[in-house]
Amino acid sequence: MKSRLLQPPRCSDMSLVEAQGISKTYTFGEVEVRALCPTTLTIEEGEFIAVMGPSGSGKSTLMNILGCLDKPTTGKYLLSGVDVGGLSRDERAEIRNRKIGFVFQGFNLLSRTAAIENVELPLLYNGVPAEERRQKAMAALKKVGLEGREHHHPNQLSGGQQQRVAIARALVNNAPLIFADEPTGNLDTKTSAEIMDLFVQLNTEASITVMLVTHEPDIAAYSRRIIRFLDGCIVSDEARSNA
Amino acid sequence: MINIPSTFRISLRALRVNKMRSGLTMLGMIIGVGAVIAMLAVGTGARQKISEQIASIGSNLLMVLSGASTSGGIRMGAGTQPTLTLSDAEAVEKECPSVQAVAPILGGTAQVVYGNQNWSTGVTGTSPNVLIVRDWKLSSGRPFSDDDVKSATKVCLIGQTIVDNLFGSIDPVGQVIRIKKIPFTVVGVLEAKGQSPNGQDQDDTIFVPITTAQKKLFGTAFPGMIRLMSVKARSAEDLVKAEKEITELLRQRHRLSTKQENDFTVRNLTQMLQTAEQSTKVMTILLGAIASVSLVVGGIGIMNIMLVSVTERTREIGIRMAVGAKTWDIRLQFIIEALTLSMIGGVIGIICGITVSRVLSNLAGWSIVVSPFSVFLSFGFSGLVGIFFGFYPAYKASLLDPIEALRYE
Ligand SMILES: Nc1ncnc2c1ncn2[C@@H]1O[C@H](COP(=O)(O)OP(=O)(O)OP(=O)(O)O)[C@@H](O)[C@H]1O
Ligand SMILES: [Mg+2]
């Protein structure tokens, strides 16, 4: 099972993310809510994408499907060539663990748990031995500039620092893909800029593919490709020439 | 690939965060396990007490009473018709190979006087063999002899209760007491035996030679008559055989035709007590079962608290799932949490149970036995309770939808 997930067939023309007509519909009895129209989307390794659009337009829905947290109602989704649609719950958990890092607007750190242990979490579910876990988590915290804060709990850290811990957690397993749903939504302008610099650095230096949702054009300006949503559909998808 | 030590640490931390709640939940287990241990200890103690009593009335004991247990279809009280004689007793002892010793018994109540003290007690005419039959020793003096029986001398052995009531601190051996106004010399004192299985004080007794009893104390119309005989079989296995031999011999001696019923009754006392022992065993199981109910209630408490905990920590579960926790990672986390609660509760419960048993044993005055088996049983059972009642909440947690869990406030 593991080999199927981790060493997919490598073709030269294969994209990191290939969504073919994925859609999401929520049904409440008679009423159907279309959160996402059938969408086809390709993301190559090393891209830095911003997703924009009004509230309720389906941005998070798309991210959750691409992040293997949710299953599309229709369509096919290939992640590095693996058809995710046919995988079991635990197999999808394994994909999230090895291939995907999440950063959320509300940080989503475990409270009453030290920063270092929050960062170790993905390694814990990857069966990494304790000592190696500690080392890797330390390295990840260093990368996001939180050296010396390892043993602080989330409530002892500022919002920006908490988001850095969350980013360290997304990095620690060397996931090639990071999904960030409004990562700066709870932060002030200056801290937002710091966090965005961090994403840019990860994208250029470690060639991690980043896809983030934002409402702010300033934040979207850090990206090299902007996808715009309206009522569950992509209305524009363009590369930014000046990035 | 599940990391047990780390999962264990996560569970312990969660329990520590809610100390009060964890403590109260454990209390349920503590009470349950404690009750099981204490109840089993009381039951086992009672059984041991009965075993001791079996030993105290004398082992491998049969009783032969005069009179049929049923006579012509009408139930008669055993011992109502005087049909056994001293020579029957002697014959049983001589001719039944499975019989080790026989003590003929003829007794009644009598007023006993020493100095200005007087006491009403059971006086038993018997033979020196009574000491063998009832596994009874003397604490001082000597037994009376076969010669005493032959010549119907006025000597007696007295029990500890008689000593306490008539003599106080005086050494009774060699003193003269009056039984029904007839002077008897005390030759020996019986060792204290305590209560009989039916609650009588076995030490409130006086033994005199059977012949003396027949002639001087309880004179009968029927010469040589005895009320019953106590028979000791050679071994527990010989009891049934002895019963048959005695029945055959006495039927022959009493010249009963095959159609006639026995004019005597043989009772197997040891068997009766073993039945009592058996019923105590049942009682122990019953007590244990009742106590187990509280253990189950404790388990339900654990389940309840785990369900609350799963709901409260929905978001945490979502985060764990988002970063790659699988079904069994989540399940184990909560199962271990429940298991920790129940096992710690179990250990404290065992300690409490033993303490309570000790206190009870002091109050009840009978030894209470905490068997390693009951400790092992409760420990194992509390583990099972933890797993059983922890599973459903853990199962529920593992089925949460990661997105909804993450969105949970
Ligand atoms: N679990 C759900 N059940 C029912 N409807 C849902 C659910 N999740 C999302 N929706 C609906 O799907 C649509 C898209 O929601 P989504 O969260 O993707 O919007 P969004 O673009 O991320 O908005 P925002 O910018 O406010 O985060 C909305 O109309 C929402 O009501
Ligand atoms: Mg959203």
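Keep in mind that the numbers below use all heavy atoms, side chains included, and drop hydrogens, waters and symmetry copies.
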* For the residue pair B/A325 and A/A93, what are the closest heavy atoms and their distance? -> O-CB, 3.7 Å

* Asked: Going from CG on A/L124 to CZ on B/R9, what distance comes out if it is rounded to the nearest 0.5 angstrom?
  -> 8.5 Å

* B/R21, CZ atom: more than 12 neighbouring heavy atoms under 6.0 Å -> yes

* **Main-chain N/O of B/T327 paired with A/R89 side-chain donor or acceptor, under 3.5 Å** => no

* Asked: Roughly how far, to the nearest 0.5 Å, is the CG atom of B/L406 from the CG atom of A/N108?
  -> 5.0 Å

* To do: Taking atom CZ of B/F391 as the centre, report whether more than 12 heavy atoms of other residues, nucleotides or ligands fall under 6.0 Å from it.
  => yes

* When you look at CZ of B/R358, are more than 12 heavy atoms from neighbouring residues, nucleotides or ligands closer to it than 6.0 Å? -> no

* Asked: Counting heavy atoms not belonging to A/D231, are there more than 12 under 6.0 Å from its CG?
  -> no

* **B/F376, CZ atom: more than 12 neighbouring heavy atoms under 6.0 Å** => no

* Pick one of side chain, backbone, both or neither for A/E120, based on which atoms fall under 4.5 Å of a heavy atom in chain B. => neither

* Asked: For the candidates B/V323, B/V17, B/I10, which exhibits the highest count of non-hydrogen atom pairs separated by less than 4.5 Å from chain A?
  -> B/V323

* Asked: Is the shortest heavy-atom distance from the side chain of A/R133 to the side chain of B/S6 under 4.5 Å?
  -> yes

* Side chain / backbone / both / neither for B/I317 at chain A, heavy atoms under 4.5 Å -> neither

* Identified side chain to side chain contact (heavy atoms under 4.5 Å, CB included) partner of B/I319 from the options A/L109, A/N118, A/L110 -> A/L110

* Asked: Between CG of A/N97 and CE of B/M321, what distance do you get to the nearest 0.5 Å?
  -> 13.5 Å

* Asked: Can you find a pair of side-chain heavy atoms, one from A/T113 and one from B/R13, that are under 4.5 Å apart?
  -> yes

* Asked: At what distance, to the nearest 0.5 angstrom, does CD of B/E404 lie from CG of A/L69?
  -> 12.0 Å

